[in-house]
Structures are given as structure tokens and as C-alpha cells.
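Chain naming here is simple, since letters A, B, ... match the order of the sequence lines and numbering starts at 1 in each.
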Amino acid sequence: MDNSEVAKRLFEMAEMLEFKGENVFKIKAYQKAARNIEELEEDINILRQRDELGTISGVGEAIEAKIKEMLDTGTFKAFEEIRHTIPQDIEEIIAVQGIGPKTAHLLYSKLGVKDLQGLLKAAEEHRIRRIPGMGVKTEEHILIAAKRQLAEGNIGRFPLGVALPIAEEISKKLLDGILIREVRIAGSIRRWKDTVGDIDLIARSDEPEKAIEVFTVMDNMQEVLEKGNTKGSIIYKGNIQVDLRIVKDDAFGSLLQHFTGSKEHNVKLRQIALSKGFHLSEYGLKNATTAEQIPFSTEHEQYERLGLQFIPPELREDWGEIEAAMEKKIPRLIEVSDIKGDLHVHSNWSDGHNSIEEMALAAKALGYQYINISDHSASSKIANGLSEKRLLDHIKEIERLNECIEGIRILSGTECDILPDGTLDYSDELLEQLDIVVVAVHGSVEQDSKTMTQRIVSALENEHVHILAHPTGRKFGKRLPFAMNMEKIMDTALEYGKVLEINSSPQRLDLNDKFAMMARERGIKLAINTDTHSLEQFGNIRYGIGTARRAWIASNDVINTLHLKDICKLLGIS
DNA sequence: GACGTAGG
DNA sequence: GCGGCGTT
DNA sequence: AACGCCGCATCCTACGTC
């Protein structure tokens with residue numbers, strides 16, 4: 001077992017103890033030990049060999065013995081014993097809105113509820129309201145929440161590309177009335193996380209209660225979860241939860257910061273505040289001795305008061321940004337306006353909707369200096385991929401257009417399939433005639449890790465290749481990432497000077513934040529492209545930029561921030 | 001007012 | 001359950 | 001050195017129910 005597996009077991013143990021209603025501090029002790037093991041630099045097996053398990057903070061006599069047992073046998077007795085006393089599907093019950101470990105345990109011990117179906121039945125038969133402590137309202141809520149949980153297509157998290165447009169739509173509607181002056185999207189959407197659990201909004205209003213009221217009766221509202229003085233919570237069309245929070249204007253910055261999170265970032269900020277003698281909350285700082293409240297109308301002021309440089313929302317994950325901000329070492333992150341061209345664009349020659357000319361003019365209108373028309377290659381039959389002959393015509397057409405369109409350079413490219421054996425879909429002679437060669441895996445996506453890795457490595461070794469598009473192939477709700485060894489692929493990309501793509505399509509966002517960070521740390525250059533198939537999809541660039549910012553990426557890590565002249569020089573384009 | 005749940 | 005503290 | 005005692009709580013807040 002490695003560190004994370006040991007930590008996971010300890011976390012599970014804590015959860016089970018919580019369900020059992022064990023001593024809170026005991027639960028916390030397990031969680032603390034697990035957290036510290038997770039963050040450990042060294043391999044726990046090596047610590048064990050040196051008999052230094054006890055030096056891990058939070059690991060005492062009892063947990064040390066359990067870790068040893070785990071390292072030897074893969075589990076420990078106390079874990080197995082307690083597991084048999086707890087129903088298997090308890091997690092799906094705790095996942096129901098409004099039910100936590102205490103209620104789950106109560107329902108189990110009094111009614112024998114051990115899975116979602118049982119919960120539904122208990123609610124329908126009105127058995128829940130008879131338990132002391134539970135009432136009619138609680139039962140009604142459980143019934144609705146359990147049904148929602150069981151509903152078809154309930155996936156829990158939503159791709160950012162689904163949630164953000166809904167958040168924008170709701171924000172606009174809320175601003176229609178006169179009660180609400182300003183709405184801001186907060187939470188994980190504001191941090192540009194690739195999937196989000198809910199939509200978090202904050203607003204400014206002189207009459208918070210009325211504003212919340214308006215929110216809870218808005219169009220497409222399906223269910224009201226909460227309606228208070230400063231906060232409302234609804235289920236919106238599409239089964240997505242939306243929370244709205246309102247505070248007075250003077251604390252708007254504090255609220256925005258709080259509701260943007262992440263939770264881990266907030267906890268750390270609050271610890272810093274404590275060390276300076278303050279309590280931090282969504283209302284601002286409170287002097288620990290005098291209880292004086294200090295609200296902040298902007299996030300900038302609040303960070304500054306804590307002795308920190310301003311931290312962009314995308315970095316607020318407790319991935320080292322707070323330490324960097326203390327030393328004033330937050331980098332200047334890439335922005336949409338840094339992008340000078342799009343290197344992955346489709347036209348109606350393959351599966352795009354618009355002509356090359358239309359795409360070029362749209363890009364020019366965005367202020368781009370160049371686009372790479374990268375239509376599919378012959379093997380992508382469904383995508384109307386270009387035969388060798390059609391590719392030659394494609395090249396000629398681009399030549400012709402470049403002569404008559406001013407103000408933007410159309411690069412002649414391809415999105416060439418990497419065939420299952422690692423060879424490319426076009427001959428080297430043909431690839432040589434192109435300005436930019438983008439390669440990607442499309443078919444045979446089920447290959448095992450070794451084969452897939454070698455397939456991509458072979459492609460990257462080809463001297464004509466410039467960019468690997470959507471490297472992991474994932475598509476939200478449709479396809480998991482390929483089985484592949486990303487380390488090896490990155491090693492190869494670095495060795496051969498190849499560029500990895502951050503594909504901005506909101507169903508892909510591939511590379512994701514973590515892999516993009518890994519690439520940046522290794523010094524691999526990136527390209528942030530839209531993979532657009534229509535004029536509107538150029539707008540997806542914001543998703544790719546958001547992902548890049550989460551990876552701490554700066555303008556100079558990305559090749560399509562270069563001016564036309566410089567990118568031509570870099571890629572050897574005449 | 002206590003408790004449980006949920007939110008970042 | 002951990003770990004710092006005072007006590008023996 | 002061994003033992004028992006006791007505070008701890010990754011932070012701070014809102015809402016609904018009983």
C-alpha cells in the first residue's frame with residue numbers, strides 16, 4: 001500500500017466512526033492522521049522500515065499499530081469489524097440532500113433503512129415521521145430528495161460548459177428587476193473548475209429578503225431548498241442546485257471571497273487571520289479581542305489586509321498560492337487577450353459548419369493574427385476526413401485565400417489521425433507540405449496503456465508533427481481518458497520539442513488543470529486552441545484560458561500568444 | 001436554543 | 001485517538 | 001520514565017426542524 005491508500009483507509013474509518021456516532025475527537029484524530037499521511041513527502045513503507053511511523057504528526061500508538069497492520073495485510077481488524085456492522089450502500093443515503101451521518105444512522109437503527117430504495121419506501125409509508133426527532137416536513141423533504149437522487153441521468157457534477165451558461169442566464173434574469181443591483185458568479189465556476197457541483201451566486205441589494213423571495217419564485221425553478229434572510233437555495237431546471245447569498249454592500253468583497261472558495265483556501269486564509277488576532281468570515285475580519293467588525297468591499301483590500309498579494313480565483317485551491325502570495329510571487333497569468341491565433345480550427349471541408357474564409361474572417365474580427373485550418377484526415381470517415389487529393393486542394397484553397405484576405409494569415413494544417421499502430425494518416429511527403437501538423441487519437445480508443453502510450457510516443461517522434469491535440473481524449477459524460485502513461489508522453493514531448501494542446505472545448509478541457517500544470521513544470525510548451533467547428537465556438541477560448549490559469553500558466557508558456565512572425569519562426573513556417 | 005446539515 | 005502538561 | 005488528565009476541533013456561518 002502506498003501513502004494515499006493508507007490515508008484513504010483511515011478516512012473511510014473516520015466516516016464509519018462518524019456513522020456510528022463515535023466520539024467526535026476520535027473521528028478528527030483519524031482524519032488528521034490521514035491528512036498528514038496524504039501530504040507526506042516520503043514513502044510510508046520506508047518510514048515503517050526505519051520505525052519512524054510515530055514521528056508523523058497525529059499518529060500515536062493506536063493508529064501506528066493499525067498502519068503497520070495495513071502495510072502487512074492490506075487492511076486492519078478494527079476496520080473490517082466495524083465494516084460488517086454498517087450497510088454497504090450507506091454512502092448513497094448520506095448523499096441524499098438533507099441526510100447526514102446522524103440521520104442515516106437513525107434511519108438505519110430505527111427502520112432498517114440500508115439503501116436508497118428502502119429510504120424511499122420508508123418515506124412513502126410515512127414511517128419516518130414517527131421517529132422521535134423527525135417530523136412531517138423532514139419526511140417530505142427526504143422523499144423529494146431521494147426521488148431526485150434516483151432520477152434518471154442524475155450525475156452529481158456538471159461540466160463547466162453546462163453550468164456556466166446557466167449561471168449567466170440566471171444572473172441576467174435576476175438583474176431584470178429593480179431589487180438587485182449586481183450579481184456575481186462565485187464558487188467553483190468562478191475558479192473555472194472543469195466540473196462543478198452547483199451554481200453559487202452573490203448579489204448586492206438594499207432589500208435582501210425581498211431579493212431572496214424573487215429568486216425563489218423565478219422561472220425554471222423546480223424546488224426551493226432554503227429561503228432565509230440572506231441566503232436562498234433552489235433546484236433549477238436540469239436538476240442543478242443554485243445558491244444565492246446577499247450581504248450589505250460594505251462586505252461585498254468579503255462575501256465574494258468567501259463564496260468563491262475553495263473551502264481549503266478559505267480554511268487556510270482563516271488560519272492566517274487567526275494568527276493575526278482576527279476571525280475571518282464572509283462579513284470580513286473581526287478583532288478577536290474587541291470584536292470590532294472590519295468589512296471589505298473588495299477582495300483586493302481583504303487580501304492586502306491579511307498581508308497577501310491578490311490571488312486570482314483560479315488559483316484558490318490551497319495548491320501553494322497562499323504561500324506564494326505571502327512572498328508576493330503570484331505570477332501574471334495568461335488572459336484571453338494574450339491569444340494571437342487559434343491553431344486548431346475546422347472548416348466545412350471536413351466536419352465544420354463554415355467555410356475556411358468565414359472562419360478566417362471571424363478570427364480576424366476577434367483580433368487574431370493567424371488561424372490554423374486543421375481539418376480531419378482520411379481515416380476519420382464520419383468527420384468527412386480529407387483524402388490525400390482533397391488535402392492538396394485544401395492547401396491550394398488556403399493559398400488562394402491568403403492572397404485575397406488581408407489582416408490574417410491562414411495556416412495550412414491538418415488534424416491528422418494517429419492510427420492504432422502509431423503511424424500517421426498521411427505520408428511524410430504530404431505532411432511536409434503543411435504549415436502545421438496537429439495530431440490526435442480518434443479511433444481504437446480502448447487500447448491498453450502500453451499500446452496507447454507507444455502509439456502516441458511514435459507519433460510525437462515524427463519530425464513533421466508540431467502539436468498533440470486533446471491528449472487524453474476524455475469527453476465529459478461520454479468517454480474517460482485513455483489508459484496511458486502521461487509521464488512518458490510528456491518526456492517524449494519535451495525531448496522532441498512538441499507542443500501539447502489545452503483543448504478549450506468545454507466537453508473536453510484536455511489537458512486538464514493538473515496535467516497542464518505538470519506540462520508547465522516540465523517546461524513543455526502548450527497551445528490553447530478551441531477545436532472550433534463553427535463561428536460561435538471561437539468563444540470557447542475562455543474555457544481553455546480558465547484551465548490554463550488554474551495550472552498557473554503564463555503567456556510565455558503558450559505558443560499561440562506569439563505574434564505571427566514569431567510563431568512562424570518557431571515552427572519553421574516560411 | 002440545540003442539533004443536524006450544508007455551504008465555501 | 002493525540003499530545004502537551006503536571007504529577008508521581 | 002511512566003502515568004493520568006484534559007483540551008483538542010483545519011474555520012466560520014446560515015437555515016430548518018424539533
Does the A:Ser254 side chain pair with the main chain of A:Phe296, one donor and one acceptor, at a distance under 3.5 Å?
yes

Would A:Asn3 and A:Glu39 count as a side chain to side chain donor-acceptor pair (under 3.5 Å) here? Give the steps.
CA-CA 9 Å; A:Asn3 297 25; A:Glu39 286 169 12; over 6 Å; no

Give a yes or no on whether a salt bridge exists between A:Glu139 and A:Arg130, defined as a side-chain N under 4.0 angstrom from a carboxylate O.
no

Where the side chain of A:Asp198 is defined as all heavy atoms beyond and including C-beta, which of D:dC12, B:dG7, C:dG1 is the nearest nucleotide?
B:dG7

d(NZ, A:Lys193; P, B:dG8) in whole Å:
11 Å

Distance in angstrom units between A:Leu274 CG and D:dC8 P, rounded:
13 Å

When we call it a touch if two heavy atoms are under 4.0 Å apart, what does A:Thr260 touch: a base, just sugar-phosphate, or nothing?
sugar-phosphate

How are the rings of A:His300 and A:Phe310 set relative to one another: parallel (under 30°), tilted (30 to 60°) or perpendicular (over 60°)?
parallel

Using OP1 and OP2 only, check whether a side-chain N or O of A:Ser281 sits under 4.0 Å from D:dT13.
yes

With rounding to whole Å, what would you report as the distance between D:dT10 and C:dG3 at their P atoms?
14 Å

If the test is salt bridge (Lys or Arg N to Asp or Glu O under 4.0 Å), which one of A:Glu317, A:Glu314, A:Glu321 qualifies with A:Arg550?
A:Glu317

Looking only at the side chain of A:Lys231 (C-beta and beyond, no hydrogens), which of the listed nucleotides C:dG1, D:dC15, D:dT13 gets closest?
D:dC15

Interatomic distance where CD1 belongs to A:Ile235 and C1' belongs to B:dA6 [whole Å]
12 Å

Contact class for A:Lys263 vs. all strands (heavy atom < 4.0 Å): base, sugar-phosphate, or nothing?
base

Once each nucleotide of nucleotides 3-8 of chain C is scored for protein heavy atoms under 4.0 Å, what B/S/- sequence comes out, 5' to 3'?
S-----

In terms of heavy-atom contacts, does CZ of A:Arg148 have more than 12 from other residues, nucleotides or ligands at under 6.0 Å?
yes

Between A:Arg35 and A:Thr230, which has a closest nucleotide on DNA chain D that is more 5'?
A:Arg35

Describe the nucleic acid contact of A:Arg129 in one word from base, sugar-phosphate, nothing, applying a heavy-atom distance below 4.0 Å.
nothing

Any base atoms under 4.0 Å from A:Val224, or only sugar-phosphate, or nothing? Heavy atoms, all strands.
nothing

Enumerate all atom pairs, one protein N or O and one N or O from nucleotides 16-18 of chain D, separated by less than 3.5 Å.
residue	atom	partner	partner atom	Å
D:dG16	OP1	A:Lys227	N	2.7
D:dG16	OP1	A:Lys227	O	3.2
D:dG16	OP2	A:Lys227	O	3.4
D:dT17	OP1	A:His141	ND1	3.4
D:dT17	O3'	A:Thr138	OG1	3.1
D:dC18	OP1	A:Gly135	N	2.3
D:dC18	OP1	A:Thr138	OG1	3.3

How would you label the contact of A:Asn266 with the nucleic acid (heavy atoms, under 4.0 Å): base, sugar-phosphate, or nothing?
base

Between B:dT5, B:dG8, C:dC2, spot the one nearest the side chain of A:Ile63, thanks.
C:dC2

Reading DNA chain D from 5' onward, which residue's closest nucleotide shows up sooner: A:Lys268 or A:Glu282?
A:Lys268

Check whether any side-chain N or O of A:Ser262 sits under 3.5 Å from a backbone N or O of A:Arg316 as a donor-acceptor pair, and report yes or no.
yes

Taking CG from A:Leu315 and P from B:dG8, how many angstroms apart are they, rounded to a whole number?
19 Å

Round to the nearest Å and state the distance from A:Gln302 atom CD to D:dC11 atom P.
17 Å

Looking at A:Arg48 and A:Asp72, does any basic side-chain N land under 4.0 Å from a carboxylate oxygen?
yes

With a 4.0 Å cut-off on heavy atoms, is A:Leu280 in touch with a base, just the backbone sugar-phosphate, or nothing at all?
sugar-phosphate

Rounded to whole angstroms, how far apart are NZ on A:Lys102 and C1' on B:dA2?
12 Å

Would you mind telling me which of C:dG1, B:dG7, D:dA14 lies closest to the side-chain atoms of A:Arg245?
D:dA14

Contact class for A:Gln97 (heavy atom, under 4.0 Å): base, sugar-phosphate, or nothing?
sugar-phosphate

Taking the side chain of A:Asn229 as its heavy atoms from C-beta onward, which of D:dC12, D:dC15, C:dG1 lies nearest to it?
D:dC15

Report the distance from atom CD of A:Glu39 to atom C1' of D:dT10, rounded to the nearest whole Å.
10 Å

Which of the following nucleotides, D:dC11, C:dG1, B:dT5, is nearest to the side chain of A:Lys26?
C:dG1

D:dC12 phosphate, OP1 or OP2, under 4.0 Å from A:His279 side-chain N/O:
yes

Can you measure A:Arg9 atom CZ to C:dG1 atom C1' for me and round it to whole angstrom units?
20 Å

Is any side-chain N of the basic residue among A:Arg332 and A:Asp338 closer than 4.0 Å to the acidic one's carboxylate O?
yes

N/O (side chain, A:Tyr283) to phosphate O (OP1/OP2, D:dA14) under 4.0 Å:
yes

State, with a plain yes or no, whether a side-chain heavy atom of A:Leu280 is found less than 4.5 Å away from one of A:His258.
no

Do any side-chain nitrogens or oxygens of A:Gln241 fall under 4.0 Å of OP1 or OP2 in B:dG7?
yes

Do other residues, nucleotides or ligands put more than 12 heavy atoms under 6.0 Å from A:Lys173 NZ?
yes

With side-chain contact (heavy atoms from CB on, under 4.5 Å) as the test, pick out the partner of A:Arg474 among A:Leu480, A:Asn503, A:Asn512, A:Leu511.
A:Asn512

Is any side-chain nitrogen or oxygen of A:Thr103 closer than 4.0 Å to OP1 or OP2 of B:dT5?
yes

